[in-house]
Amino acid sequence: MEEYNHLKIESKWQKEWERNKIYQAKNLSKKPKYYSLIEFPYPSGDGLHVGHIRSNTAMDIISRKRRMEGCNVLYPIGWDAFGLPTENYAIKTGKDPRIVTKQNSNIFRKQLKSLGFSFDWSREINTTDPKYYKWTQWMFLQFLKKGLAYKAKMIINWCPKDKIGLANEEVVNGCCERCGTAVEKREKEQWMLAITKYADRLDRDLDNVDYLPQIKLAQRNWIGKSEGAEIEFKIIHPTPALPEGKGEESTKIVILHGKHGTPENYFYPWLKKELEKRSHKVYLPALPNTEVPNDEEQADYVLKNVPLDENTVIVTHSFGGVVAMRLLERGIKIRELILFATPITGTFLDKKSRPSITDALAKGFNYEKIKKQANFFRVIFDSGDTIVRKEDAVILAKNLGIYSEYVKAKEPHFCAIEEPEMLNLILEENTYPLTPSQGEGEFGYHTTDPKTWRALQERVLEMRKNPTEAEKKLWRYLRKNNLTPALPERKGENADGYHFRRQQIIDRFIVDFVCLSEKLVIEVDGDIHDYKQKEDKERTDILRILGFKIIRFKNEEVLSDTDGVIKKISEELKVLPFGEDLGGVTVFTTRPDTIFGATYMVLAPEHPLLSRILLDTLANKKEVLQYIEVARKKSEIEKTAENKIKTGVELKGIKAINPATKEEIPIWIADYILATYGTGAIMAVPADDMRDKEFAEKFSLPIIENYQKAGFEDFGKKITKFKLHDWIFSRQRYWGEPIPVIHCEKCGLVPVLEKDLPIKLPKVKNYQPTENGESPLANIAKWVNTKCPKCKGKAKRETDTMPNWAGSSWYYLRYTDPKNSKAFASQKNLKYWLTPSLPPPKGETLSFSLPFGEGQGGVDWYNGGNEHTTLHLLYSRFWHKFLFNLDLVPTSEPYIKRTSHGLILAKGGEKMSKSKGNVINPDDIVKIYGADTLRLYEMFMGPFDQAITWSEEALIGPRRFLERVWNLQSKVQKKEKNIKIEFLIEKAVKKVSYDIEVMKFNTAISTLMIFTNEIGKYDFISQGVYEKFLKLLSPFAPHLTEEIWSNLKHKDSIHLSYWPKWDENLIKDEAIKIMVQINGKVRAEIFAQADEKEEDVKKKAFLNENISKYIAEKDIKKIIYVKNRLINIVF
RNA sequence: GCCCGGGUGGCGGAAUUGGUAGACGCGAUAGACUCAAAAUCUAUUGAUGGUAACAUCAUGAGAGUUCGAUUCUCUCCCCGGGCACCA
């Protein structure tokens, strides 16, 4: 007998099969049809991957089994050839992608053929073939016609250096994959497909398909259907909260005065008072020895008399700064150091006359250390009434290592800071909010503390009684006009117009008019104000800090042009935060019942509210802007972030009203809220939601433990939301299907006429996109300039192309009728291949079940990579459903059954990639071991749905097995029978048949191996048994089995023979081994007949020597009996 | 951070779905054949102790449920894949 020569056998049979066309599917055959599908490969320059072979072999095995079961099988192949790598290769080398695609697919075809897959090559398709993409374009026109294709502005990744839009895949760590430039976001008009219109059906219909559970889950997660409610929260400017003397919890502020200062002079008492008003505990120690400054002594004094801790802020001036730094140098930790200093350097002014921070500089402090002791360190340059140059301040800031943005010197040469501004600076950049007041005020607002109110009340009443002429007139106008707001749906206090009050006490001031809800103060000034501008400025500044906007009018202005004044006031009201654009914020929640527990609101950093409100009205505008900026950048690198720590910033100065509890709750922005999902805003329920709880704990927000549950729709409207976005369908690339649309100057967007399809891709010299990011097609004037199909006037072609998902969304339909030039496929063929077959002819049974039902059907079995279980699968389901709606396909779903395979990893568990140089070339293996060995190995190496590591050494196992099978030929005898072997083969038929159906190829092969090992022990094997065995092996190793089959004098191919059936009677074991356990441990085994009576088996067990030894004189508590398996005796 | 897989000998992996843990293959060791090697065939091969029969320990770690757990439940650790923190 000849040796097993795989080279000879494999090429021989591949040619023979091609000649006999045994794998060609027959349209409209009477046999039951079976459509098995693999994801058609992208013909990359890397050649066939061992991963392709894994999936192709699996479906090949199933297809071959189906043929042997009597089916008319369609197992097609083609090329998904549009794509980035080919385009990038074209950009790099200037080679025509058409030629590259042809070369690559030629290599792939040859490689695939060398593996003996039973593809119907006569139906080969290619998405880049104009005869194919004509229909892709045609389908796009149908989407357009039905209004499902539209244009929208979308944000894309943009590489500023390459001037090209980037796919997500091409962005690595926020940088362009090719040139490493940081990727920017850009807005661009894009074609979109409205897949969201089908979201609900895409979700629901998963009930009717046979996908692996993980795949269904992935689809459902991606679609992300959730039922919840939208609830509107009113946004308000909270009342200016004025303190009620609660100071215990507030920050301690220590004011250290300067060399010439005492607690009684300069601005110190004023500053102390103002800060105390705002609930802060303020210390103003009288530093000794100010005449002869000794900073160490003074530091000792402070330490002795003033408590300093990490909640302390030291505000210093001049020489006080030196004392403060002495303290910090001693290792004392404080929260913040604010230093007002005079920046005198060089020769500009007489140093000696001005004690300053420059003195401290001369003392050689360790500033790095000092800066670490305070969480914040700010130096604010203030020259008092001295004139200094700003440049000097900047130089000094540099010397101190302080960012120059802290320099508060004013242009051009004067940097004196006035007291209100000083207060402003201390508070504005500080982290202390104005403390909200407890309880209700006279009008539902607190505008001052009770003490001040009592003190000023009488004066207010008097003023109201005796208004000036101007005040009188304006008051009348304000009441009469009511300044009706633009939005009729306004609710609450301002429903009938803005509510004004006159002579209202705010803080320690009495303002002329105020609209509290909008925080607008109107002052009417007499001539006297010209003389006290300074006081007015202070008043204005303080009111501003409290969140008010102030407009001033002169008496005569009010009297002479009252209408003009009213007009100005209404204009101010319009742009104020509570103007027409700012009614509220709608949140989406899946748990509207938890609304009573909502203690704060969180917005996405990109939430539109932030553009609607005046950021100026936020107390921490700078911080908020900074956060938004950081969040914007973060979104570009978030994928690479290892640990996502929750971050956020409160919008200080506005509040939301919980519609259930009517309480004012804080509003935060945080990037754990996505702008794209829901409404980009949530109500946070820390008591019930883990994420909210985490966030609340991090930022010390209150957490309610118990709260009342609400009904589902008590406070909002029930709504169904989907995570799914519409499909961005444009690419500014060359290598894709041109979108068949024309831009006409007169008619606008005009679809290309169907008779003009396909719009072929023109040849270009340069595959680079244009300077402004348009597709390279935009550069070909000859192609771009065209006539409008409607008016025949001047028009331009759309230069965007389609994504490569387009062609792959419907390719399985084209296989049924690949050469049709009248339609994408004939209805006849579609119906035959997609709708379930009639039951098989009488006497025949199928080992698999066929689905029946209205609109049901599709590709019978579709296997592909796990990486495609969301996007590709969803896109093609959407596309198919759209065609079904148009009555163009007979089923509502494209695939009846979907499975996925795991990756093949290189040694060390890495992904195979050309750059790592760890790619396995299947050609070498086919040459050395043979295609049958490679196929067998890939099926044997591990569970099909899991990732497995490639191992070259293990290949020898399957090869040895095939050689053993080959050598068995010499043992074949026609007549003899062997009962033991009959039994084994029947068992193998059952096991292999079953395992193939559930893709447990590895155990199917091990069954076949066990069988050959057993046979090896005998001198002969009957031909019948051997042939059955060969049939079982034939889907795995088609060449070898075909050769032996022909050696056994068969004329027809083994692949056209019938799949063996097993006889259940022959499989029944006559004697069954039963384990006998004592207390759960196996102590003996006994034999029993199948289904023998429980009592008899127990008797046998007790008679066993070993067992009787164990149970002697023991109290048996319990005997557990498992039929045909074990007895467990417990004591 | 979230979701989905997974973790079993020197290695790839089996285990009828709660019932003998380690099928099958690779590798390793010994033997047969051979002048020899390769190939092939035969035997052994989770660990520890024991001449042996056998015993004990072992499925990432720890707990729990159970007569019995690789399998179910909880907590934690590690690896792989995916991602849009999905409210």
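Only a predicted model underlies this, so the values are computations on that prediction, with no experimental measurement involved. Proteins get letters first, then strands, A, B, ... in listed order; numbering begins at 1 in each.
Taking the six-membered ring for Trp and the full ring otherwise, F940(A) and F1001(A) have centroids separated by 6.0 Å or more. Here the two rings, on F1011(A) and F961(A), have centers that are 6.0 Å apart or farther. Aromatic pair F729(A)/W805(A): centroids not less than 6.0 angstrom apart. In summary, the aromatic rings of F722(A) and W222(A) are positioned with their centroids too far apart to meet the 6.0 Å limit.
Across the P atoms, rA39(B) and rG46(B) are found 24 Å apart, a figure rounded to whole Å. Distance noted for atom P between rA53(B) and rA58(B): 22 Å (whole Å). Only the C1' atoms considered, rG80(B) is 24 Å distant from rC74(B), to the nearest whole Å. Taking atom P in both rG1(B) and rG13(B), the straight-line distance is 27 Å, to the nearest Å. Using P as the reference atom, rG60(B) and rG49(B) are 24 Å apart when rounded to the nearest Å. Here, rG18(B) and rU56(B) have their P atoms 27 Å apart, quoted to the whole Å. Spacing between rG10(B) and rU45(B) at atom P, rounded to whole Å, works out to 15 Å. Nucleotides rA61(B) and rC78(B) place their C1' atoms 10 Å apart, quoted to the nearest Å.
Under the salt bridge (charged side-chain N to carboxylate O under 4.0 Å, His left out) criterion, K1000(A) pairs with no residue at all, not counting sequence neighbours. Every residue meeting the salt bridge (charged side-chain N to carboxylate O under 4.0 Å, His left out) condition with K1017(A), not counting sequence neighbours, appears here in chain and number order: E1014(A). Contacts of Y929(A) classified as side-chain hydrogen bond (donor to acceptor under 3.5 Å, both in side chains), with partners at least two apart in sequence or in another chain: none. Checked against side-chain contact (heavy atoms from CB on, under 4.5 Å), A988(A) has the following partners two or more places apart in sequence or in another chain: T1007(A), L1032(A). With sequence neighbours excluded, the residues forming a side-chain hydrogen bond (donor to acceptor under 3.5 Å, both in side chains) with N863(A) are T899(A), H901(A), listed by chain and number. By the side-chain hydrogen bond (donor to acceptor under 3.5 Å, both in side chains) test, K721(A) pairs with E230(A), sequence neighbours left out.
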Would you list the protein and nucleotides 29-33 of chain B atom pairs, both N or O, that sit under 3.5 Å from each other?
none

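At whole-Å resolution of the value, CG in L603(A) and C1' in rA87(B) are 13 Å apart. The CZ atom of F961(A) sits 23 Å away from the P atom of rG12(B) (whole-angstrom rounding). R960(A) places its CZ atom 12 Å from the P atom of rA38(B), with the value rounded to the nearest Å. We find that CD1 of I1119(A) is positioned 20 Å from P of rU66(B), with the value rounded to whole Å. Per the geometry, CG belonging to L955(A) stands 15 Å off P belonging to rG25(B), to the nearest Å. Rounded to a whole Å, the NE2 atom of H725(A) is 12 Å from the C1' atom of rC83(B). Rounded to whole angstrom, the span from the CD1 atom of I956(A) across to the C1' atom of rA38(B) amounts to 12 Å. Taking atom OH of Y937(A) as the reference point, atom C1' of rG12(B) lies 7 Å away to the nearest angstrom.
With its glycosidic angle within 90° of 0, rG9(B) is assigned syn. Glycosidic torsion of rU17(B) falls within 90° of 0, placing the base in syn.
The residues K991(A) and E997(A) are annotated as not salt-bridged, no charged nitrogen and carboxylate oxygen being separated by less than 4.0 angstrom. For D1019(A) and K971(A), the salt-bridge test fails: no basic side-chain N is under 4.0 Å from an acidic carboxylate O.
Counting any heavy atom pair closer than 4.0 Å across all strands shown, S226(A) reaches sugar-phosphate atoms only and no base atom. Residue-level contact check: R220(A) touches neither bases nor backbone, having no heavy atom under 4.0 Å from any strand. Across all strands shown, L1008(A) has no heavy atoms under 4.0 Å from either base or sugar-phosphate atoms.
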>> Generate the contact string for nucleotides 2-9 of chain B. Rules: B means base contact, S means sugar-phosphate contact only, - means no protein heavy atom under 4.0 Å.
In response: -SS-S---

>> Protein within reach of the bases, or only the backbone? For nucleotides 14-24 of chain B, mark each nucleotide 5' to 3' as B, S or -, using heavy atoms under 4.0 Å.
In response: SSB--BB--BB

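Of the two residues near RNA chain B, T679(A) and K1118(A), the one whose nearest nucleotide lies more 5' is K1118(A). Toward the 5′ end of RNA chain B lies the nearest nucleotide of G1016(A), the other residue of the pair G1016(A) and K225(A) mapping further downstream.
A donor-acceptor pair under 3.5 Å is absent between the side-chain atoms of R964(A) and the main chain of M1009(A), judged by distance alone.
For residues 947-959 of chain A, the pairs satisfying salt bridge (charged side-chain N to carboxylate O under 4.0 Å, His left out) are K907(A)-E953(A), R959(A)-E963(A), with sequence neighbours left out. Pairs passing the salt bridge (charged side-chain N to carboxylate O under 4.0 Å, His left out) check and including a residue from residues 592-601 of chain A, sequence neighbours excluded, read R591(A)-D593(A).
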>> Dot-bracket for RNA chain B, please. Rules: Watson-Crick or G-U, both distances under 3.5 Å, ( ) within the strand, [ ] when a pair crosses earlier ones, | for another strand, . otherwise.
In response: (((((((..(((......[....)))((((((.......))))))((((....))))..(((((..]....))))))))))))....

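Smallest separation of non-hydrogen atoms from P686(A) and A684(A): CD-O, 3.2 Å.
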